[in-house]
Participant: 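Here it is: the structure, laid out below.
Model, not experiment: these values are computed from the prediction. Reminder, nothing fancy here: chain letters follow the sequence lines and each chain counts from 1.
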2 protein chains.
Amino acid sequence: MNKASLPFLHTFVVAAKHLSFTKAAHELFLTQGAVSQQIRQLEQRLGFALFLRYHRSLELTSMGARLALHLRHMFSDLDGLIEELREERDSNIITLSVMPSLATRWLMPRLGRLQERYPGLQLRIQANDREVNFTRDRIDAAIIHSHLHTGSAYTMPLLMDKVFPVCSPAFAEQNQLHEPSDLVRVPLINDDSEWRFFSPYAEWEAWLAKANVKGVRPSRSMSFNRGDLAVQAALSGQGVALGRTPLVMDDIREGRLLKPFDEIYDNGHMYLFACPNEFREREPIQQVLSWLISECQSYAPEEALA
Amino acid sequence: MNKASLPFLHTFVVAAKHLSFTKAAHELFLTQGAVSQQIRQLEQRLGFALFLRYHRSLELTSMGARLALHLRHMFSDLDGLIEELREERDSNIITLSVMPSLATRWLMPRLGRLQERYPGLQLRIQANDREVNFTRDRIDAAIIHSHLHTGSAYTMPLLMDKVFPVCSPAFAEQNQLHEPSDLVRVPLINDDSEWRFFSPYAEWEAWLAKANVKGVRPSRSMSFNRGDLAVQAALSGQGVALGRTPLVMDDIREGRLLKPFDEIYDNGHMYLFACPNEFREREPIQQVLSWLISECQSYAPEEALA
DNA sequence: CTCTTGCATTAGTTTAATTAATCCTAAAAC
DNA sequence: GTTTTAGGATTAATTAAACTAATGCAAGAG
């Protein structure tokens, strides 16, 4: 295939539709001669005939017919995609990908304020555990859990992700939790949503090491594959869960959860806003981001967990 | 989509591959400026950006990335099809579509002589009941069963298709079949491969009417959905089948089947060779056709059934 | 601070497609 | 049988477009 032949293919499709160079020329705002020449050149380059020329009529060869069919679909698919991409550009609907745990325990309770601030904004939340891929997925932006910089996308830090045990106030009272070594006596609730197969208890182990606790085996505990379920279990007094700041800050501030020890394990991760570089300037993206930032500042985790 | 943008799409794919206008220009034997302009124009016409330009590097926008992906597949599919069509043109392998009944009872026994005559010829028989469609199917030629002219393809009559009862000699003897009305006493074998739902016994009824036989109900007989099976049943003495000339001529000539009555029903159909007009001149098609014609002449049904 | 690299831009050139006019053929009309 | 007509082929001349080459610019490397 020669690149130069490409526009001729369009002419060919039109000619094949009409089975007439004259009519095709009219549709394409060309002269009959131009169409005739384009088709002739195309046939030369392809190496096979597309039309059978009769007295005053044309017929597609079987190759020509198959090529025309293919091209019709090709062009309409291409038009479809371009139309789709154009609509995307104009759309006010932002699709935001968020991890399910953060979505339920942090984003959802706050979404009302976003609507208050930007009533025209249409946000679609896509709760998803997969790592985001802006090329593959139809996503405008995401809140990701990662180190500072990730790939080529634009990122903006939102929330520090620190890790520490939490439980319900009643549970702490009942089990006399005063110092980390008291954990030996109680059920530990684990969140294995990340690194599930490689090292499901890594965070507990890291925290226990930091707190210098020996002899506690997190593996005897109950385990959930979603962070919010682990918190939920702690809330209902099932045991001690390892909370991450954003997932438990509201509950701690409002007294439903308790942070019985001071030790904090900082895994170096954070929650980041991310979007393709070229989306950074889009108004609805800016609105979402500026709202997220103000939301994170006014309810800073440090404050809540002091 | 503008027709004029089409060649630019190719440039875009190459530029997206290299993420460099300079390298793309090199691959395309153009200057860097030409690529730059093409991409700019393309972006204008599409209405959205394809690349993010940085200091000394490019990045695809998410729209650009999706478009590039689509186009890569599109071009490779197109190349694939064109390659396929070219191979077809050069190929010596002829695919001939034939109805299964004619294939087994007429064509197969003769194919040896074709190989003798044209040892280099490669023939692929595609036994198929569907009506052929040279645009849809990958078929070079066909033997069809029809009236004289059919559509726009090139056709050449091969064999008259006349219809008359046949049975094995032993069966005729046993059942004393002398005149058509004797059929009242014996099982009739039906071939409902055509018109199965509309009027499965049409041909028997037509023949019986022609022979002026009353009171014979073909519907009580056994029925096959393939003409060759009906003949096979007659050969093995199951009853009287309605033979069509080409399917039974060999068996009659060699005494395995008998034509007990003189009446013949001519349904106006015939077996025709058919191929797309543009294939008429291809050497292997000519060989097949000339062999078919000579085969039909040297073993003319009239002769065999005199 | 200078050099290099790579994209953008522009005016000018070159290439290629398009037109317009004519030719040709076969079918339809007369 | 002759004429007319319709539609594709062909050609030289025109026009439009793409491309080049040169320059500018900005950022990162040395």
Participant: Given C:dA8, is OP1 or OP2 found less than 4.0 Å from the side-chain N or O atoms of B:R53?
Facilitator: yes
Participant: Over how many whole Å does the gap from A:I39 atom CD1 to C:dT18 atom C1' extend?
Facilitator: 15 Å
Participant: Please test B:E88 against B:R282 for salt bridge (charged side-chain N to carboxylate O under 4.0 Å, His left out), starting from the C-alpha separation and ending with a verdict.
Facilitator: CA-CA 11 Å; B:E88 202 157 297; B:R282 284 172 65 189; over 6 Å; no
Participant: List, with names and distances, any nitrogen or oxygen atoms from the protein found under 3.5 Å away from nitrogen or oxygen atoms belonging to nucleotides 3-7 of chain D.
Facilitator:
unit_1, atom_1, unit_2, atom_2, d
D:dA6, O4', A:R56, NH1, 2.4

Participant: Starting at atom CD of B:Q44, determine the distance to atom P of D:dA17, rounded to an integer number of angstrom.
Facilitator: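 For the pair B:Q44 CD and D:dA17 P, the rounded distance is 14 Å.
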Participant: Could you tell me which residues satisfy side-chain hydrogen bond (donor to acceptor under 3.5 Å, both in side chains) with B:E203, sequence neighbours excluded, listed by chain and number?
Facilitator: B:R244, B:N267
Participant: Which nucleotide in the list D:dA9, C:dA8, D:dC19 gets nearest to the side chain of B:T31?
Facilitator: D:dC19
Participant: In whole angstrom, give the distance that lies between atom NE2 of A:H26 and atom P of D:dG8.
Facilitator: 14 Å
Participant: To the nearest Å, how far apart are B:F8 CZ and D:dA18 P?
Facilitator: 4 Å
Participant: Could you tell me whether the phosphate oxygens of D:dG8, OP1 or OP2, come under 4.0 Å of any side-chain nitrogen or oxygen in A:R40?
Facilitator: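 For D:dG8, neither OP1 nor OP2 has a side-chain N or O of A:R40 closer than 4.0 Å.
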Participant: With the criterion being N/O to N/O and under 3.5 Å, what pairs connect the protein with nucleotides 11-14 of chain C, and how long is each?
Facilitator:
none

Participant: Applying side-chain contact (heavy atoms from CB on, under 4.5 Å), name anything that partners B:S57, two or more places apart in sequence or on another chain.
Facilitator: B:Y54, B:H55
Participant: Taking side-chain contact (heavy atoms from CB on, under 4.5 Å) as the definition, give me every residue that meets it alongside B:R53, ordered by chain and number, with sequence neighbours left out.
Facilitator: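 B:R53: side-chain contact (heavy atoms from CB on, under 4.5 Å) contacts with B:F21, B:I39, B:E43, B:F51, B:L58.
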Participant: Determine, for A:D137 against A:R130, whether the closest basic-nitrogen to carboxylate-oxygen distance falls under 4.0 angstrom.
Facilitator: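 Salt bridge between A:D137 and A:R130, a charged N being under 4.0 Å from a carboxylate O: yes.
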Participant: Sequence neighbours left out, what passes ring-ring contact (aromatic ring centres under 6.0 Å, His included) with B:F134? Give chain and number order.
Facilitator: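 If we apply the ring-ring contact (aromatic ring centres under 6.0 Å, His included) test to B:F134, skipping adjacent residues, there are no hits.
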Participant: Output all residues satisfying side-chain contact (heavy atoms from CB on, under 4.5 Å) with A:K23, sequence neighbours left out; order by chain, then residue number.
Facilitator: A:H18, A:S20
Participant: C:dC7 C1' sits how many Å from B:H18 NE2, rounded?
Facilitator: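 Whole-Å distance recorded here is 16 Å.
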Participant: What's the closest nucleotide to the B:A34 side chain, out of D:dC19, C:dC7, D:dT10?
Facilitator: D:dC19
Participant: Please state how far atom CZ in A:R45 lies from atom C1' in C:dA17, giving the value in whole angstrom units.
Facilitator: 10 Å
Participant: Heavy atoms under 4.0 Å, any strand shown: does B:F51 hit a base, just sugar-phosphate, or nothing?
Facilitator: nothing
Participant: Please give, in whole Å, the distance from C:dG6 C1' to B:L52 CG?
Facilitator: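 After rounding, the gap between these two atoms is 16 Å.
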Participant: Rounded to whole Å, please give me the gap between CG in A:L30 and C1' in C:dA17.
Facilitator: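 These atoms are roughly 9 Å apart.
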Participant: Using the test side-chain hydrogen bond (donor to acceptor under 3.5 Å, both in side chains), find all partners of A:R72 that sit at least two apart in sequence or belong to another chain.
Facilitator: none
Participant: Taking salt bridge (Lys or Arg N to Asp or Glu O under 4.0 Å) as the definition, give me every residue that meets it alongside A:E59, ordered by chain and number, with sequence neighbours left out.
Facilitator: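 Salt bridge (Lys or Arg N to Asp or Glu O under 4.0 Å) list for A:E59, sorted by chain: empty.
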